[in-house]
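Labels below follow one simple rule: chain letters A, B, ... track the order of the sequence lines, proteins then strands, and each chain is numbered from 1. Reckoned from all heavy atoms, side chains included, excluding hydrogens, waters and symmetry mates.
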2 protein chains.
Amino acid sequence: MRLLADAVGVKAASLYNHISSKEELLRELLMDMARLFTQSMEEVQNAPLGPVEKLERLIADYVGYTVEHTDAISLLTGEWVHLDERPKQEFLTLRDNYEDGFRQILTDCMDAGHFNKIDVDIALFSTLSTLRWLYSWYSKHKEINQLKLEGQIKRVLIVGLRK
Amino acid sequence: MRLLADAVGVKAASLYNHISSKEELLRELLMDMARLFTQSMEEVQNAPLGPVEKLERLIADYVGYTVEHTDAISLLTGEWVHLDERPKQEFLTLRDNYEDGFRQILTDCMDAGHFNKIDVDIALFSTLSTLRWLYSWYSKHKEINQLKLEGQIKRVLIVGLRK
DNA sequence: CCTACCGATCGGTAGG
DNA sequence: CCTACCGATCGGTAGG
């Protein structure tokens, strides 16, 4: 909180005229992001698209959020452990729902014959790993064109490396 | 240190008869792991194999280390930031060398015509993201067969999702 | 917004 | 191995 106050140009105690606790600050940040992803998932689920196009939309949204909210996204993967019990459960419910939606779309891709039938949990984990840690890569490569980044990520995830 | 002492069944102060500091403990853990990966890279680089087989060996080694040293591996990605300046630079040098070796093998795969020519940094980042966060997935799926895990990870990374 | 200050916690030391 | 205790740091409050 002292570092944060320094950055804003006030004393640490003064921050408490604006927020009620450090945890609240983290909570609002994380829940804002979680709601963004929930919205992305709902829109994609309700869109009149095939499963592969839905997956591509999810990837595009994730890359977009990462480019637009790099700093907030950097907290999303690891910092939720510091939330109080109640908000932590709320956050994890949204996160679980997102993962379930993602898993279902991957399953649909396989069932429709577009994807190879592999362990869907491994496909999900691998895809989300790349998306979740994109922010750390992007932080050092901010000069890259967003559309190019999006295209390359889709390609490496969906088409794979092999020619 | 108090939690650690509790787990071992002594008082916190007694730990300092065995180690000189908390940082030293972290340092030895991380450097042991870093040396393991350095060894893996050197063996693969010197093996009489094609680039795709080399990549497969790197993936197999990473999966193996994750299964064998899950707890230590869980510290490898994020906790090096807490090392003192000197050991941090040492660690990062080993890490950079590993990444450079990995990047070169991916480049070789593309140059030999086995892989599509995409941005090699994105291919590297995506592959390492999956491998680096495998431990968190594996912690919840310890029942999976190691060879199956290895095969599925290779497949999702190299062949991709698409049929 | 600030000064002054709190109780808890942390890594670690002294001394036996 | 232990007890006793340290200085620094942290999130946060009181009171103006």
Given DNA chain C, 5'-ward residue of the pair A:Arg2 and A:His18, judged by closest heavy atom:
A:His18
Calculate the interatomic distance between [X] atom [atom1] and [N] atom [atom2]; express it in whole Å.
{"X": "B:Glu23", "N": "C:dG12", "atom1": "CD", "atom2": "P", "answer": "9 Å"}
{"X": "A:Ile19", "N": "D:dG11", "atom1": "CD1", "atom2": "C1'", "answer": "10 Å"}
{"X": "A:Tyr16", "N": "C:dC6", "atom1": "OH", "atom2": "P", "answer": "18 Å"}
{"X": "B:Lys22", "N": "C:dG12", "atom1": "NZ", "atom2": "C1'", "answer": "12 Å"}
{"X": "A:Leu25", "N": "D:dC10", "atom1": "CG", "atom2": "C1'", "answer": "16 Å"}
{"X": "A:Leu15", "N": "D:dG12", "atom1": "CG", "atom2": "P", "answer": "10 Å"}
{"X": "B:Met1", "N": "D:dC6", "atom1": "CE", "atom2": "P", "answer": "21 Å"}
{"X": "B:Leu4", "N": "C:dG12", "atom1": "CG", "atom2": "C1'", "answer": "14 Å"}

Does the pair B:Arg86/B:Glu23 count as a salt bridge with the N-to-O cut at 4.0 Å?
no
Salt bridge present between B:Lys148 and A:Asp119 (N-O < 4.0 angstrom)
yes
Going by the side-chain hydrogen bond (donor to acceptor under 3.5 Å, both in side chains) test, which pairs reach into residues 64-81 of chain A, not counting sequence neighbours?
A:Glu79-A:His82
For D:dG16, which nucleotide is its Watson-Crick or G-U wobble mate, given both distances must be under 3.5 Å?
C:dC1
State the pairing partner of C:dG7; accept Watson-Crick or G-U wobble contacts with both distances under 3.5 Å, and report none otherwise.
D:dC10
Would you classify B:Ala12 as touching base, sugar-phosphate or nothing, given that sugar-phosphate means primed atoms plus P, OP1 and OP2, and contacts are heavy atoms under 4.0 Å?
nothing
Does a nitrogen or oxygen in the side chain of B:Lys11 sit under 4.0 Å from OP1 or OP2 of D:dC2?
no
Would you check if the distance from the ring center of A:Tyr135 to the ring center of A:Trp133 is below 6.0 Å?
yes
Kindly determine whether B:Arg27 and B:Glu24 satisfy salt bridge (charged side-chain N to carboxylate O under 4.0 Å, His left out), including the steps that lead there.
CA-CA 5 Å; B:Arg27 190 185 339 133; B:Glu24 184 201 67; 5.3 Å; no
On DNA chain D, compare the nucleotides closest to A:Ala13 and A:Asn17; which residue's is nearer the 5' end?
A:Ala13
Picking from C:dT13, D:dG11, C:dC1, the nucleotide nearest the side-chain atoms of A:Ser14 would be C:dC1
